[in-house]
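Reviewing the structure listed below.
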Amino acid sequence: MIDTNLEFTDKIGYLLFKKGIIDSEVLEKALAAKNNDKTKLKRNLAQILVQDFKFDHDSIFGEVALLYAFREVDLNVDILTPELIESIKKLATQNGDNIKSMMLQASVLPYKYDDKQKDKLLFAAIDPTDRSIAKIALGLNTKKYEVLYIKKKVYDKVVEKIFPPENEFLKMYEEIPDEIHSEQVDDKSISEDELDAEINKSALVNLIEAALVEGTRKGVSDIHFVPVSHRRTDIRFRVDGNLQTWHSQDNTSPEALIAVVKDRSRGLDRFERERAQDGFIQREIDGHIIRFRVSVLPMVGTELRNKFESIVIRILDDRKVIRDLGKLGLTGYAKESFQKSINSPQGMIILTGPTGSGKSTTLIAALYQVIDPTVNVLTVEDPVEYVIEGARQLKIGAKMNFEQAIRAILRHDPDIVLVGEMRDKETAEVAIKLANTGHLTFSTLHTNDAPSAVARLYKMGIEPFLIAYAINIIVAQRLIRKVCQSCKKPIKQLDLDLLKRLELDPEEWKNFQIYESAGCDICGNTGYKGRLAIHEALYFTKELRQIIVKSGEEVDEEKIRTQAKLDGSLNLRDSGLEKVKLGLTTFEEVIASTMED
């Protein structure tokens, strides 16, 4: 039974209980913990609920901030100016590392001086009730100050920008003298012993580990190791779809660098240099388990005595998995028809597009909408990139290949199936059979747009009536770069020639604020930061099914495109232009990433 005088004995507890954030049982336990707290900290109920009962920090302290009228700092991390970053850094470090450590431990930052009272310092804290804030203010010799509330998820991103975690491997690598970095080896004939000596003396292990850490922290999708000559290897990061050189390792044989990557990976043979290999690496970085998929390919070099290999490492960070369909960028007709398709009891959903267009991300987000304990969800992927909670992901290996796994799932009582890719007629036939026999089936194809996916299945040998009645929707997808929100510039005068080439009405486009990219420190002077998806949805209406069923020797793609447009579908270019209207990207990016209809 909750004490009727609770409002006067613990305002925080009373507020959270009245709002339904905590129930009476939790409240009683939390109050007991508070009364029995023997520590010197004298924690309040909110701190106990977050620390001991694992309640969401922002949900609890957002209410605390409202109760005690703490103003909230609303920072858009993506547009933090270099000036503000430098100002916060200067304030936080002006009285030494001890005060800085106290701030980071208490999750407090000196935000700025008040605009109205120039001698009053504003602190941003995830817990504005923290008693150590007074000591921090004293340590900064600040007589006047005000504590503001900042959400923990925002604070974490701000701190990561202002005080990025140190890459210890990179630091160790940079501290090694240059002559050890670049041990000279006789180029004419590199023996395994000499290779071992070069590896051991050149601290390449630190360089490889540094690349893994740096790539993960920078949101890189792939790390490339490219032999350029017999004494140089470039390490390149793919950022927002484009490759950028991160480091060039000179005066070191590529074989040595590649051997280190192989030694740090599982499933790779260091001494095999003439065939393709696949392996993986797993590391804990910043408290998260990150998996890396390693692909090795032999390549031709200008020096015949060297056996060059190219390595690409795909970073598989589960924190990037999208579970919310609303975050995929689907809008209008595409969003409506996609939701209708995945909520159907059966039928096939196909995602199409080139490698790296985000097909897997979209499929996994769609799966999370339909996964629940009442259905058996099976996936067949080679390789498995992300672990999907609630799904049984089949393990492909030497004793069960992709095709065998596809056939086996028919006997495993599935409700929903994800087929990673329809690679050939056999795979496509089984996937179509699943969709036709009462199962919801997800898969991918490599085609340029949605209508050409129909033609591709037809050419594989799938019967037109099966294509027409097994498929719910085909969605073509591309990823385009977002214009940097920090440095984007409004276009004052639209390019009429460009609009004419794109067959757009100048009068209509005058109603929208269009931006162009500029370049700043935040986006690495590229003018773009982050990516977003554009979609073309081919929803199988009655009219569309009739067109496919009546196909003769080949599918009439143009007829399908015309019908899709009548149904309300946008092609990829038009979908991209809609994002231009919203100020999310530029004309140049859409033109570069899409083809004319």
Side-chain angles (χ1 to χ4, degrees), residues 325 328 330 333-353 359-360 362-372 374-381 388 390-392 406-407 409-423 425-445 447 449-458 460-477 535-551 555 560 563-564 567-569:
L325 209 58
L328 290 176
L330 287 158
Y333 179 81
K335 182 179 181 180
E336 181 187 323
S337 54
F338 191 72
Q339 285 181 324
K340 195 186 299 181
S341 298
I342 66 172
N343 289 322
S344 297
Q346 65 187 60
M348 180 173 277
I349 291 91
I350 299 175
L351 264 291
T352 182
K359 299 188 298 293
S360 297
T362 300
L363 281 183
I364 291 171
L367 266 185
Y368 272 117
Q369 309 309 303
V370 295
I371 287 176
D372 69 55
T374 67
V375 291
N376 178 19
V377 181
L378 299 173
T379 79
V380 186
E381 308 154 86
I388 304 169
R392 303 179 208 179
I406 282 283
R407 297 191 180 282
I409 57 176
L410 289 166
R411 302 184 295 275
H412 211 71
D413 187 29
D415 294 297
I416 299 169
V417 177
L418 168 63
V419 177
E421 182 187 342
M422 289 188 285
R423 305 175 176 187
K425 182 183 178 182
E426 289 72 25
T427 307
E429 278 182 338
V430 176
I432 292 281
K433 183 177 179 181
L434 281 162
N436 257 334
T437 52
H439 305 93
L440 191 61
T441 309
F442 297 83
S443 193
T444 67
L445 264 178
T447 59
D449 60 8
S452 59
V454 177
R456 173 79 188 279
L457 289 169
Y458 188 78
M460 277 184 180
I462 309 298
E463 294 292 337
F465 73 90
L466 286 175
I467 297 172
Y469 291 101
I471 299 173
N472 294 346
I473 193 171
I474 300 175
V475 178
Q477 179 168 307
H535 304 90
E536 174 189 29
L538 185 67
Y539 183 68
F540 278 50
T541 58
K542 290 179 181 178
E543 293 79 10
L544 201 60
R545 293 185 200 277
Q546 286 301 310
I547 291 171
I548 296 169
V549 168
K550 292 175 182 177
S551 297
V555 172
I560 291 175
Q563 183 59 50
D567 292 335
S569 176

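Computed over heavy atoms, backbone and side chain alike; hydrogens, waters and symmetry mates excluded.
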Kindly determine whether Ile388 and Ile364 satisfy side chain to side chain contact (heavy atoms under 4.5 Å, CB included), including the steps that lead there. CA-CA 7 Å; Ile388 304 169; Ile364 291 171; 4.0 Å; yes
d(Phe442 CZ, Ser341 OG) to nearest 0.5 Å is 9.0 Å
Which residues pass the side-chain hydrogen bond (donor to acceptor under 3.5 Å, both in side chains) test with Thr441, not counting sequence neighbours? none
Under the criterion side chain to side chain contact (heavy atoms under 4.5 Å, CB included), I'd like the reasoning laid out for Asn472 against Leu440: C-alpha separation, chi angles, the key distance, then a yes or no. CA-CA 9 Å; Asn472 294 346; Leu440 191 61; 4.2 Å; yes
Sidechain-backbone polar pair: Asp449 side chain, Ala476 backbone, donor-acceptor under 3.5 Å: no
Considering all heavy atoms of both residues, which atom of Met460 and which atom of Leu445 are nearest to each other, and what is their separation? CE-CD2, 4.0 Å
Side chains of Val377 and Leu418: closer than 4.5 Å at any heavy-atom pair? no
Restricting to non-hydrogen atoms, name the atom on Tyr458 and the atom on Ser551 that form the minimum distance, rounded to 0.1 Å. OH-O, 4.2 Å
What one should report as the nearest heavy-atom pair of Met422 and Ala431 is SD-CB, 4.0 Å
Closest approach of Ala537 to Tyr333 (non-hydrogen atoms, all atoms of both residues): O-CE2, 3.9 Å
Give a yes or no on whether the backbone of Thr374 and the side-chain of Asp372 come within a donor-acceptor separation of less than 3.5 Å. yes
Within a strict 4.5 Å, meaning less than it, do heavy atoms of the Ile409 and Val380 side chains meet? yes
Under 4.5 Å between any side-chain heavy atoms of Val454 and Ile548, yes or no? yes
Do Phe338 and Leu351 make a side-chain contact, defined as non-hydrogen atoms from C-beta onward lying under 4.5 Å apart? yes
Distance check, rounded to the nearest 0.5 Å: Gln477 atom CD versus Glu536 atom CD? 12.0 Å
Between CZ on residue Arg392 and CG on residue Asn376, distance to nearest 0.5 Å: 4.0 Å
Just do the side chain to side chain contact (heavy atoms under 4.5 Å, CB included) check on Asn436 and Leu466 with the steps written out, would you? CA-CA 8 Å; Asn436 257 334; Leu466 286 175; 3.0 Å; yes
Less than 3.5 Å apart, any donor N or O on the side chain of Asn343 or Gln339 sitting next to an acceptor on the other? no
Measure the spacing between CD1 of Ile342 and CD1 of Ile473 and express it to the nearest 0.5 Å. 9.5 Å
Enter the distance from Ile560:CD1 to Glu543:CD here, rounded to the nearest 0.5 Å. 13.5 Å
Pair Gln563, Gln546 - check side chain to side chain contact (heavy atoms under 4.5 Å, CB included), show working. CA-CA 11 Å; Gln563 183 59 50; Gln546 286 301 310; over 6 Å; no
Counting distance only, does the side-chain N/O of His439 pair as donor-acceptor with the main-chain N or O of Pro414 below 3.5 Å? yes
Tell me whether Thr444 contacts the main-chain N or O of Thr352 through its side chain, where contact means a donor paired with an acceptor under 3.5 Å. no
Leu330 and Ala334 have their tightest heavy-atom pair at CD2-CB, 4.0 Å
Would you find a donor on one side and an acceptor on the other, under 3.5 Å apart, between the side chain of Ser443 and the backbone of Val419? yes
What's the shortest heavy-atom distance between Tyr539 and Asp567, and which atoms? O-OD2, 4.5 Å
Between CG on residue Leu538 and CG on residue Leu544, distance to nearest 0.5 Å: 5.0 Å
With side chains defined as the heavy atoms from C-beta onward, is the minimum distance between Lys335 and Leu325 less than 4.5 Å? no
pair Ile471-Ile350: side-chain heavy atoms closer than 4.5 Å: yes
